[in-house]
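Okay, structure first, notes after.
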Protein chains: 2
Amino acid sequence: MTAHSRSLDKASLRYAVPAKVRLAARSGALASATHGLARGYVQANLAILPERYAFDFLRFCLRNPKPCPIVEVTDPGDPQPRLSAPGADIRTDLPGYRIYRDGKFVEEVGSIEAHWREDSVAFLLGCSNSFDQILLRHGIAQRHTEGADGRISVYRSNIECVPAGIFHGPVAVTMRPIPSKDVVQVVELSSRFPIAHGAPVHIGDPAAIGIADLKQVEWGRYNEPGPDDVPVYWACGVTPQAVAMAAHIPEMITHSPGHMFVTDLHIDDLRTG
Amino acid sequence: MTAHSRSLDKASLRYAVPAKVRLAARSGALASATHGLARGYVQANLAILPERYAFDFLRFCLRNPKPCPIVEVTDPGDPQPRLSAPGADIRTDLPGYRIYRDGKFVEEVGSIEAHWREDSVAFLLGCSNSFDQILLRHGIAQRHTEGADGRISVYRSNIECVPAGIFHGPVAVTMRPIPSKDVVQVVELSSRFPIAHGAPVHIGDPAAIGIADLKQVEWGRYNEPGPDDVPVYWACGVTPQAVAMAAHIPEMITHSPGHMFVTDLHIDDLRTG
């Protein structure tokens with residue numbers, strides 16, 4: 001996914017308007033992760049399912065708003081997210097996609113025009129990339145953005161999602177090592193952004209939510225808490241994908257990890273309280 | 001719908017837990033409006049549709065959160081609202097129901113056990129009864145609760161809902177005459193309760209939202225603003241019903257006007273900000 005990205009000055013997209021990031025993805029110039037691009041704008045996880053699973057999946061998202069905050073659900077067959085990014089095309093405007101068949105990863109592609117069907121429904125779900133920008137703005141240290149590749153630590157917790165139809169499974173959580181003095185502020189800040197997974201699901205002991213060993217991440221990489229850090233856990237957008245994969249949907253399409261859809265919604269417009 | 005209600009001391013339900021109100025409806029002892037009952041708890045509009053319309057209708061509700069704040073959507077065929085009122089039965093626990101066929105009113109009944117099907121999906125949508133309690137708590141005068149029957153003024157505005165599938169139409173609005181000195185506080189308060197329709201859609205001149213004459217209500221009754229009152233308009237839960245009726249769903253069931261479903265959710269738990 002990085003072949004073309006060398007030809008693009010990615011730094012120029014940091015404060016770009018969202019449409020510019022989307023067009024860079026559409027042209028193939030941007031084929032890498034979107035973390036830190038179009039700062040201030042809501043980025044979204046993508047899951048595309050056939051319509052016959054969509055009502056079950058939408059109830060699942062509604063019942064589990066922390067892992068699955070709904071940004072927009074498109075009409076069957078309509079590739080345009082008319083509310084969150086009018087004029088955008090969900091088939092081309094992400095820098096990378098993954099195709100799954102019967103719950104198994106098949107291939108990674110740069111556009112999905114060949115896979116889009118009359119009954120395709122796109123779910124755009126909130127993502128913590130947006131929240132990272134809030135923490136940055138408030139000067140709160142984040143270990144995973146200090147590292148080389150910016151990947152966060154993701155685990156399977158023992159917290160069960162509320163099921164809906166064929167969809168059920170555990171809540172996947174991200175862990176951020178947060179400086180002890182900042183933990184209260186981080187809870188306050190994140191609670192105001194339900195669209196970016198909202199308040200943490202847990203603070204402190206990983207065993208309390210079924211994580212035996214923090215070093216053993218399920219996705220991403222391990223970001224070690226420093227001596228004055230507290231591990232803080234948020235519900236993660238990997239949850240709905242993992243749940244949909246476990247349900248063995250015949251064909252499902254998602255974004256490639258970190259290759260999110262950048263919406264026209266400003267994160268501050270979706271702040272509550 | 002009021003035959004049995006005389007045998008019940010309705011005042012005893014004002015501060016009752018929600019289950020007590022629901023059981024009174026189930027037994028037939030309560031067959032009248034729920035305004036002011038189980039104070040502090042969220043009351044909900046009910047719309048029951050066949051599953052094949054449910055995904056479209058749910059997208060409609062998501063896209064129009066002010067008129068259609070989603071409390072819960074049940075699984076097809078499951079009459080229990082497992083999240084908002086575990087143990088309740090949507091078929092019996094409202095004090096009155098209306099049956100519509102092809103968009104036309106057919107009959108009013110006290111329970112819908114005979115009408116509930118394998119593919120019935122119940123939508124519970126937020127209602128301003130909850131919000132009225134907030135205003136009451138803050139000592140803000142409301143003309144419609146001072147009157148004889150407590151009915152509010154409801155109009156068809158010229159604000160168009162965002163369509164979804166077969167569902168489209170104008171936003172229905174309630175009008176409350178609010179004392180001029182309280183208008184700012186009323187906006188602040190209501191904006192914190194998206195589950196009860198959130199902030200107003202308009203303040204002041206009815207013509208600006210397509211209402212030619214305030215005296216000509218579409219539903220409810222006219223509540224005349226006093227000399228120091230300002231008309232303030234909120235999106236109304238009649239909207240999704242009117243839109244579903246206009247779509248000529250073969251069979252749809254709703255609550256009877258004012259005969260709401262009382263959930264176990266406390267309004268303060270759903271406050272944002």
Side-chain angles (χ1 to χ4, degrees), chain A residues 49-66 68-78 80-84 86 118-126 160-168 188-195 198-199 265 268-273, chain B residues 49-66 68-78 80-84 86 118-126 160-168 188-195 198-199 265 268-273:
Chain A
L49 283 75
E51 185 181 0
R52 66 184 177 287
Y53 300 102
F55 178 54
D56 276 5
F57 193 64
L58 184 44
R59 293 202 317 288
F60 180 85
C61 294
L62 275 172
R63 291 173 189 180
N64 298 282
K66 279 194 164 181
C68 318
I70 301 166
V71 174
E72 180 166 5
V73 181
T74 61
D75 288 339
D78 181 2
Q80 185 184 165
R82 293 172 189 274
L83 301 182
S84 61
E118 282 293 296
D119 67 341
S120 295
V121 176
F123 288 77
L124 293 171
L125 305 173
E160 278 298 310
C161 292
V162 182
I166 59 169
F167 300 106
H168 59 91
E188 289 181 295
L189 281 172
S190 59
S191 69
R192 292 175 194 142
F193 295 93
I195 201 70
L265 306 172
D268 288 324
D269 291 335
L270 298 178
R271 172 181 165 147
T272 59
Chain B
L49 284 76
E51 184 181 0
R52 68 185 176 285
Y53 301 102
F55 179 53
D56 276 4
F57 194 64
L58 184 45
R59 290 202 318 289
F60 181 85
C61 294
L62 275 172
R63 291 173 189 179
N64 299 282
K66 279 193 165 181
C68 318
I70 300 168
V71 174
E72 181 167 4
V73 182
T74 61
D75 288 338
D78 182 1
Q80 185 185 165
R82 293 172 189 273
L83 301 181
S84 61
E118 283 292 295
D119 68 340
S120 295
V121 175
F123 288 76
L124 294 170
L125 304 174
E160 277 298 309
C161 292
V162 181
I166 59 169
F167 300 106
H168 59 92
E188 289 182 294
L189 281 173
S190 60
S191 70
R192 291 176 195 142
F193 295 93
I195 201 70
L265 306 173
D268 288 325
D269 291 336
L270 299 178
R271 172 181 166 148
T272 60

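Computed over heavy atoms, backbone and side chain alike; hydrogens, waters and symmetry mates excluded. In what follows, chains are A, B, ... by sequence order, proteins preceding strands, each numbered from 1.
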Return the OG to NZ distance between B:S190 and B:K66, rounded to the nearest 0.5 Å. 8.0 Å

Between chain B and each of A:I70, A:L58, A:V121, count heavy-atom pairs under 4.5 Å; write down the option with the most. A:L58

When only pairs under 4.5 Å are counted, which of A:V73, A:L83, A:D75 shares the most heavy-atom pairs with chain B? A:D75

Among A:G165, A:A164, A:P194, A:P76, single out the residue with the greatest number of heavy-atom pairs under 4.5 Å to chain B. A:P76

Please examine the side chains of A:D268 and A:F193, heavy atoms only from C-beta on, and report whether any two atoms are closer than 4.5 Å. yes

Exercise: identify the closest heavy-atom pair between A:T74 and A:P81: CG2-CA, 4.2 Å

Is A:S191 close to chain B through its backbone or its side chain, or both, or neither, when contacts mean heavy atoms under 4.5 Å? neither

Do B:R59 and B:D56 meet the salt-bridge criterion of a basic N to acidic O distance under 4.0 Å? yes

Looking at B:N64 and B:F60, would you say the former's side chain and the latter's main chain have a donor-acceptor pair under 3.5 Å? yes

Between B:E72, B:R63, B:R192, the one whose heavy-atom pairs under 4.5 Å with chain A are most numerous: B:R63

